[in-house]
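Order of the sequence lines sets the chain letters (A, B, ...), proteins ahead of strands, with each chain counted from 1.
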Number of protein chains: 4
Amino acid sequence: MSRDVPATGAAKRGARAQAQRDRILDAAQRCFAERGFHGASMAMIAEAAQMSPGLIYRYFAGKSELIHGIVSRQVELLADDFEEMESGARDPVDTIVDNYCACMADADDAGAAPHDALLDATLILEIVAESSRDPVIAEALNLLDQRIDVGLGSWLARPDAAGGQGTPAALLPARKLILRALLDGLKMRQVRDPDLDPALLREALQDALPRLREA
Amino acid sequence: MSRDVPATGAAKRGARAQAQRDRILDAAQRCFAERGFHGASMAMIAEAAQMSPGLIYRYFAGKSELIHGIVSRQVELLADDFEEMESGARDPVDTIVDNYCACMADADDAGAAPHDALLDATLILEIVAESSRDPVIAEALNLLDQRIDVGLGSWLARPDAAGGQGTPAALLPARKLILRALLDGLKMRQVRDPDLDPALLREALQDALPRLREA
Amino acid sequence: MSRDVPATGAAKRGARAQAQRDRILDAAQRCFAERGFHGASMAMIAEAAQMSPGLIYRYFAGKSELIHGIVSRQVELLADDFEEMESGARDPVDTIVDNYCACMADADDAGAAPHDALLDATLILEIVAESSRDPVIAEALNLLDQRIDVGLGSWLARPDAAGGQGTPAALLPARKLILRALLDGLKMRQVRDPDLDPALLREALQDALPRLREA
Amino acid sequence: MSRDVPATGAAKRGARAQAQRDRILDAAQRCFAERGFHGASMAMIAEAAQMSPGLIYRYFAGKSELIHGIVSRQVELLADDFEEMESGARDPVDTIVDNYCACMADADDAGAAPHDALLDATLILEIVAESSRDPVIAEALNLLDQRIDVGLGSWLARPDAAGGQGTPAALLPARKLILRALLDGLKMRQVRDPDLDPALLREALQDALPRLREA
DNA sequence: CATGAATGAGCCTTCATTCAT
DNA sequence: CATGAATGAAGGCTCATTCAT
C-alpha cells in the first residue's frame, strides 16, 4: 500500500500532479475539519493550499470531488490499523482508543499534514450524511466501507490464537454489524462529547469487547 | 403521541400558533430529510408548509431554530420508547429494531406527519455535525442527549427483575458509553446501508445485548 | 397656536383620533431618533405606541406620512421659540443654546413625551435628506421652513429697541440666509460632535451674533 | 485633481484594482445621490458600475465601506480648496460659492465622473446622519472632519497679511465652531432650497465673513 | 375600531465555478 | 500550468403593507 504503486485511480498521474492533488486535499481536509463542508469555501481551501481557486478545478471537478479524494486517501490509512489488529501485534482496544485520541489531537494542531491523519469526527458525519445525496461521495465511501468490512470480518473470523476473535461464520454478519455500529457510534460520541475521558473509553472497551466474543 | 395537549415549553402559545409551528416544523423536517440542512432553503420549507417565507420568522428566529424545534419534539417521542424499555413491557431489542425500522419506513412515504415520526437518520448525522458549530443546535441536542442518557442509565441500573439490566453503579458509565455508541452507530449504519435486513439487526442485538450485562 | 383651534390639517378630526395620532407620532419620533428612519420598523413603532401595526395605517397612509406628521407638529413648538426671541424677553443666544441642549437632553431620556420635544438632530438630517426625494416629506418641511423664515425675518427686521436686530430691508435676505445656515449647521455639528461643550457654543454665539448686526 | 498618482492609502493597490474601485465608487456616488443610501441597492450600484453585484465585494467589504471610500476621496478634493484659501490666492468667498455651485451643477449632469466632484449635498446629510449609527461611516467622516478642522483652523489663525484671518488663539475654537456650522448649514440650505441664487449667497458671505473677524 | 397573522418583494451578501490572460 | 477577476444564481432574512376576523 506504499506509494511505489500509485494509489487507486491515480494510475496515470505524474508525480507533480499527485503532489498538487495531495496539497489540495490536505488543505481541504483542514478547512472542512475547521469549518465543515458547507462552511469552508473553495476560496478558503485555495488559500490554505496556497494556490488560486481556479487551479483546484484542474485537479478536481468540484467541491464534492474533494470529499471523494479525502475519503479515498483514508482507505490506505485504515490498512495500517487493520494490519495491527489482525497481526495481533497490539490490543485492539489500544488501536481503537489511539485512533480515537488521534482524531482529537489532530483537531488541536491545525498544522499537521492531514493526509496521514484520520478524518475529523465531525467531518465523517458530514460525509456520511452527504453520501446519501451525493453519488460521488457515496461511491468513495462505499470503497472505504467495504475495506473496513473486510478488515473487521477477517479479524473477527481469524482464530483466537492468530490474534483474531475466533468468531464462527454463522455469527459473523451479526457481530460485524454490532462492532461496526459501535465503532461508528464512537465517532458520534466524539462529536457530541469531545471531553470524554479516554480512560473511560478504554475501560468501556475492555469491558465490552471480550463480551462480544464467542462464550 | 398526538399533540392534543400542547407540547412541553409551549404552554403559553395559542393553539393557532402551535399549529403553525408544527406545520413549519413538519415541512422543515421533510425538506431537511430530503435535501439536507444546507440543501433545503427557507423558501423551499415555506412552500412545503404552504406559507410565505417571511411567516416562518414569526415563529422561528432562524434556520437553526427549526432544527432546535425539530429536535425538541423528538425528546417527547423518545420518552415513549424509554417508558417501554423501562417498564419491561417489551423486549428492548424489539424497541430498538422497531425504532430502526420506523425511520426507514418514514423515509419512504413523504406524506407522513413528521412530528410523530423519528428523525431521519441522515438528518441526525447532519444535526450532530452541525451541533459542533452551531450553538443553537447544540443546545437542542444537549437536551436530547441528556434525556437519552438518563433513560439509558436508569434502564441499565434498574434491577434485572424490574425489567432493567442490573448494572452495578461502578460499571454504569462504561456500559452507558458502549450502549450509547452502539445505538448512535446504528444510525450511521442506517445511512450507509439502508437495505440492512432488520432480521439481521435483531439477531445481532439479541446476541450482543445479553453479553453486555453483568456476567 | 394652542389646541383650541385644531392644528393644520386636523380640522375635522375628533379628539380621540387626535390622541391616537399623537401617540403614534410620539412613538415614531422616539423610534426614529433611536434607530433612524430606515432603521425603525413599523412593527417597532407600533409596539412603542402600544398598538397593532395595522392600526397605524388607519391614521397614517404610510411610513413617510409619519415624518410628515412629526414635522408638522414641530411648527407649533417653534412658535414658542420665536415668540421668545421676538418679544425680546430673552437673549436669543440663550434660546439657541437651550434649544441645542434640549435636543441633547431628549436623546438621553427616552421617556420624554416627544410631541413637545424638539426633533433629534440626526433625525432632522435624515428628514431633510429624505425631503429631496419624498414629496410628502418635502411638503411638511416646506411649511416648517417657511415658518422659520418668517420668524427669523421678523426678528431680524424688528427695530433694535423692540428686541429685534434692526436689520435694514436690503440686507434682510442675506442676513437671513447666514443666520439660517448657521442654525442649521449647528444641527450638523450636534450630530458629528455630540460632546460639544455648551459653554463654547454660548461663547461662540455671543461673539458671532452681535457681529452679524448692522454696524 | 485627476488620479494619475494613486490616491492616499492606495499605495499598494494595482492600477487595475484602483480603477475598479473608482468605478464602483463613482457608480455608488451617483446612485446614492439619486436614491439615497438606503434607496440605492447594491444591485443597482453594480449595474451602474457595469459589473456583477458579487464583484463589488471583492473591493469593498460592504455597503458602508462604499461610503467610507467615497468620503475618503473627498478629503483630497478638499485639500485643494484649503490650499486656495490658505494661500490667499483667492477670496474665500469665491471658494465657498464656487464649491456650492459646483455641487449644484454636479447634481444636474449625471454623467460627470463623481470622483472629481464634490459630494451631493443630500448625500452629505445622509452620511452625517448615518455616521451616528454606523461606525464604518463614522470613521470615514472623522477623517474628513479632522481635515476640515485643521484647514479651517490654520486659515483662521494665519495672520491677516498672509491671507488668513488673524484670529487670536483664544477665540479660535469659538470662531471655528461658528464657521464650521455656517459651512455645514449651507449644505442643508442647498438641499432645502436648491434654487437659491448664488449671487445672494455671495452677498451674504461678503457681508458676514468680514464681520466674523477680530474687530 | 382594532388586531396581528400573513404576504411577498426585495435586500445584502456569499460562493462554486469559469475563463481571459 | 496557473492566476484571480468576474459571474450570477441563490440564500437567509426583513419589513411595509394588507386584510380576515
Pair His68(A)-Phe60(A), side-chain contact (heavy atoms from CB on, under 4.5 Å): steps then yes or no: CA-CA 10 Å; His68(A) 183 112; Phe60(A) 296 92; over 6 Å; no
Touch class at under 4.0 angstrom, heavy-atom based, for Ala40(C) against every strand present: sugar-phosphate
Sugar-phosphate, base or nothing in reach of Glu47(A), heavy atoms under 4.0 Å: nothing
Minimum-distance nucleotide to Met51(C) side chain [options: dC12(E), dT3(F), dT3(E)]: dT3(E)
Nucleic acid contacts of residues 55-65 of chain B, taken as heavy-atom distances under 4.0 Å to DNA chain F: Tyr57(B), Gly62(B), Lys63(B)
Among dA6(E), dA6(F), dG4(F), the one nearest Pro53(A) by side-chain distance: dG4(F)
Salt-bridge contact Arg73(B)-Asp26(B) (side-chain N to carboxylate O under 4.0 Å): yes
Partners passing side-chain hydrogen bond (donor to acceptor under 3.5 Å, both in side chains) against Glu130(C) (at least two apart in sequence or in another chain): none
Over all atoms of both residues, closest heavy-atom pair of Thr122(B) and Ala129(A): CG2-O, 3.5 Å
Side-chain N,O (Gln20(D)) to OP1/OP2 (dA6(F)) below 4.0 Å: yes
Earlier contact from the 5' end, DNA chain F, for Met44(B) and Gly54(B): Met44(B)
For atom CD1 of Ile45(D) and atom P of dC11(E), their distance in whole Å: 11 Å
Side-chain donor-acceptor contact under 3.5 Å, Arg58(A) with Gln20(A): no
Stem list, DNA chain E (Watson-Crick or G-U pairing under 3.5 Å, at least 3 consecutive pairs): E:2-21 with F:2-21
First encountered from the 5' end of DNA chain F, between Ala43(C) and Arg16(D): Arg16(D)
Atom-pair distance (CD1 on Ile24(A); P on dA16(E)), nearest Å: 15 Å
Rounded distance (Å) that lies between atom P of dT14(F) and atom CE of Met42(B): 10 Å
Phosphate OP1/OP2 of dG8(F): any Ser52(D) side-chain N/O under 4.0 Å: no
